[in-house]
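Everything on this sheet refers to the single structure shown next.
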Amino acid sequence: MELQGANDGIRLAAYRANLPAPVANGKATSGGFESDYYTCDGDGSSVASRVSVDLTGYETLDAPPRYDFYANTEVWGRRRQFRPSLFQLHAGPEREELSLVLCLEQDDSRPPMYEETTGGQAEAGGKDSSEEDEDEQKEPPTEPTRFGWVQGVMIRCMLNIWGVILYLRLPWITAQAGIGMTWVIILLSSTITGITGLSTSAIATNGKVKGGGTYFLISRSLGPELGGSIGLIFAFANAVAVAMHTVGFAETVTDLMRENGAVMVDRTNDIRIIGIITVTCLLGISMAGMAWESKAQVLFFIVIMVSFASYIVGTIIPASPEKQSKGFFSYKANIFAANFVPDYRGPGGSFFGMFSIFFPSATGILAGANISGDLKNPAVAIPRGTLLAIFWTTVSYLIISATIGSCVVRDASGVLNDTLSPSSAVEDCVGTACQYGWDFTGCINNKTCVYGIHNYYQSMSLVSAFGPLITAGIFGATLSSALACLVSAPKVFQCLCKDQLYPLIGFFGKSYGKNNEPIRGYLLTYIIAACFILIAELNTIAPIISNFFLCSYALINFSCFHASITNSPGWRPSFRFYSKWLSLLGAICSVVIMFLLTWWAALIAFGVVFILLAYTLYKKPDVNWGSSVQASSYNMALSRCAGLNSVEDHVKNYRPQCLVLTGPPSSRPALVDLVSCFTKDLSLMLCGNVLTKAMSDSHLNWLNKRKAGSFYRGVVAADLQSGVNVLLQGAGLGRVKPNVLIMGFKKDWRSDTPQAAHNYIGVIDAFDLQFGVCVLRMREGLEVSSPSQSHGEINPSFDGGPESINSISVPSCIQTNPTCITQFQKKQGKKTIDVYWLSDDGGLTLLLPYLLTRRKRWAKCKVRVFVGGDAEKKDEQKSLQKFEKMVSRFRVDTNSKPDSDSGCASQHQEPWMITDQDFEKNKAKSLRQIRLNEVLLDYSREAALIITTMPVGRRGVCPSTLYLAWLDFLSRDLRPPVLLVRGNQENVLTFYCQ
């Protein structure tokens, strides 16, 4: 099938709505309207909606798929655009013209979309231009420095992974665990970091990654609760890590100075002085900008690579006698074989002991992700750079452990005279060096050897072709790690400050310069690092830092696993080489390693995380990042609801699931509060509202702020009765659906139209659907505002009339105030809940007061139950006259004598009218309600709440107005709130345990 093009003679202009004058010919006279994509952008609320004529052959309101429609960040030089709304597509020509005009007048409330423009200048019809147009005509801002995957991620991660452990501890670990087990330790560590790298890559490619690094990845995946806590401790750990690496550098410099006889004060103060000077210089490099910091990192990388080259060349060069005396013999198969097996010594000599020492050297894989906001393309740079950094550093560790174990023996004396003399017996010589003419038996037996990879931490300097290059490599490794941490901590902390999850930290979120540098964050990090440098002893703090990093790794792996297991459609990473089960394994291993390293430090790390988590859960920050926790909540709720379908109902598990006709819930807070008392955390509460037009979710927000534990459902209907009928039949999900209807009493039924009173009784008459019904009446009324004027709702004022809001002022409770206090939110003290159980309705009348007493504010109330009996006869004539006066307006005129046919027709058309026959038939019930009101006045004046059985009017026998008069007379003139209850005549209580 072929589409006809624009030249096929099709003319659809006659079917297109005429544009209003302001937008004729595709140009707006003001506000900035263009026709190429149906764009109105005078205020930013634009609508892109026309397909090119070349594409379709005719103009249409529909827009083709565009990347701009899905973006949510602003770029200079592009105009904001939006796809047309469904209303604009579906509306008639007249309403389309109206939407075009309104488009030019809307507020800028939508996310920005873009259309390419010339030089960033907005074209506007006419000579008029706003201040925004003048701003757009300025020159584009300077592009900030952005890094690729090599300089921005791979080099940075490699420098942060390499550290003093590589130079000073890896040879010693090789001596302890042997080459074979050292490789196992290296590969196990790299496996954990590699799994974390895969998880990081998956999360980073699931959408655009902004600044914030680790915090951004975790918080946008698991939500603000875990993300905020780990972001704060991760930033702090990086700040302290600056001090740790700086002190490592200062110690090396101090030792070199002491070897050459240069001492300033003493060793501790020398470390402090050198450390403060060093970290101040690093701060200057960082504050100079990311470009200078990146150049410094490249310089450190070159120094380390030169030191590696010097080391490799040194292993090939034949050993001099001096080096042989210190245990270096170049590559020897016998030395490799001897050093391949473990030789654990000392109290910490074990596999896990060596693993705990080495593993911190494998961390640092998040250094590139931490500056995600400064990368050209984080989704490409983070996976590629991080994984390659892990690969190359792992290779370097394996090569160094194998080469050092093949060239240097475990023990050597360093004495040139310890050669094997011809007269000595070879059988008495101990150690591998005996095969090469050296006898270190004495120091080996006495355990006084000072050289060899078991005893000399500077073995790499010994092997190197030029020893000072190894010292330079140590300097480069420590300073590069300190600089990376000094940059990472403020970047992560800045993003955390901007999200405003915690108080008193927003001051540090301010950005400066084209790169949005966190200058205040740099200064804070400098102060923290300087404080720990002054301690000059970080052996206790170092395990806590490692545990904080491991905690971050565990949460990143768990984030990837959790996002995958929820099967959310929003989880679509472009990086496919990951496994959710591997991520789970990585998370478990990270936690296990935390306890293997230092169990008490692991407990401290988890304690800090849980404290911050509890604070965030308590505060509940107003953010919505579409986290996997939200997706998991939906999955769990859906599966639990589906699981209830296979569970049969039992009377012991009955719960009153309430549909509450509140209208806008904020207009009747007392009704919401009472029902919440016996449904919150127990059963379903659904606030229903019948509207004439669709509304927003502001009512649900009000309920959430009031902590009512309720759902909200608004339906659009022509009248109240039909809308409530929709709610009764359609509300709920599976077995989680309402079974009790609760509403307010219509006190203005006598002054309102008879039809309104009849419709109200039609709402109460929900017994055909097996609903229980409750009606609440309060002397001061339920309503606190009149929202029907602005919200398009048609719920009648059930508490209207002379006693309602027209005469009672409740200024403390307005719609915008969800914290207003009602009677049911106050402590009830030692009052009574009076229950008048006059008819057996299944037990709902007794169950509700029991549920109320389970709440703290009702717990001290005493429940009094009254049952019907033979009451003494009193003068009923006076009360009966009052009742007759109440319904006199609805009585049929008995003076006129219409024929029988017209009388039946009139009764059918006006079912609310009361005939003499109706009155006489129901006289006994009427007297019963009159007498019950007298009893309530006598016995329950001081009660906190009165709950009484609601009478039932038989259809066709009791007119609606007569039934409404019963309810009115029964509950009138009572100070306590009255709740009329009628169950659905099915058991909700049982005496039996099965």
Stacked cation flag Arg169 on Tyr457, 6.0 angstrom / 45 deg: yes
According to side-chain hydrogen bond (donor to acceptor under 3.5 Å, both in side chains), who are the partners of [X], at least two apart in sequence or on a separate chain?
X	answer
Ser583	Ser199
Asn206	none
Tyr311	Thr403
Ser190	Thr394

Quick one: do the [X] and [Y] side chains pair a donor with an acceptor below 3.5 Å?
X	Y	answer
Ser310	Ser464	yes
Asn446	Thr448	no
Tyr344	Ser350	no

Could you check if a side-chain atom of [X] sits within less than 4.5 angstrom of a side-chain atom of [Y], using non-hydrogen atoms only?
X	Y	answer
Ile186	Ser401	yes
Leu188	Phe359	no
Pro171	Met460	yes
Phe234	Leu366	yes
Ile304	Phe301	no
Thr254	Ile271	yes
Leu555	Ser221	no
Val153	Leu375	yes

Residue Phe352 excluded, over 12 heavy atoms near CZ under 6.0 Å: no
Partners meeting salt bridge (charged side-chain N to carboxylate O under 4.0 Å, His left out) with Arg384 (sequence neighbours left out): none
Set of salt bridge (charged side-chain N to carboxylate O under 4.0 Å, His left out) partners for Arg267, sequence neighbours left out: Asp255
Return the set of residues passing ring-ring contact (aromatic ring centres under 6.0 Å, His included) with [X] (not counting sequence neighbours), or none when no residue passes.
X	result
Tyr215	none
Phe340	Phe336
Phe561	Trp581
Phe391	none

Check: [X] ring centroid to [Y] ring centroid under 6.0 Å:
X	Y	result
Phe308	Trp162	yes
Phe577	Phe575	yes
Phe475	Phe300	no

Residue pairs involving residues 468-480 (criterion side-chain hydrogen bond (donor to acceptor under 3.5 Å, both in side chains); sequence neighbours excluded): none
Intermediate values then yes/no, side-chain hydrogen bond (donor to acceptor under 3.5 Å, both in side chains), Ser307 and Tyr167: CA-CA 10 Å; Ser307 70; Tyr167 291 96; 2.9 Å; yes
Interatomic spacing from [atom1] in [X] to [atom2] in [Y] - rounded to 0.5 Å:
X	Y	atom1	atom2	value
Ile357	Ile165	CD1	CD1	8.0 Å
Ser189	Tyr397	OG	OH	9.0 Å
Ile233	Ile611	CD1	CD1	11.0 Å

Ser413 and Asp418: CA distance, side-chain angles, deciding distance, side-chain hydrogen bond (donor to acceptor under 3.5 Å, both in side chains) verdict: CA-CA 8 Å; Ser413 63; Asp418 284 347; 2.5 Å; yes
Those residues that, when tested against Cys443, pass disulfide bond (SG atoms under 2.5 Å apart) (two or more places apart): Cys449
Under 3.5 Å donor-acceptor, Ser396 side chain and Thr393 backbone: yes
Plane angle bin for Phe440 and Trp438 - parallel if under 30°, tilted between 30 and 60°, otherwise perpendicular: parallel
Whether Phe606 and Phe595 hold their rings parallel, tilted or perpendicular, with breakpoints at 30° and 60°: parallel
Partner of Asp411 under salt bridge (charged side-chain N to carboxylate O under 4.0 Å, His left out), chosen from Lys326, Arg345, Lys447: Arg345
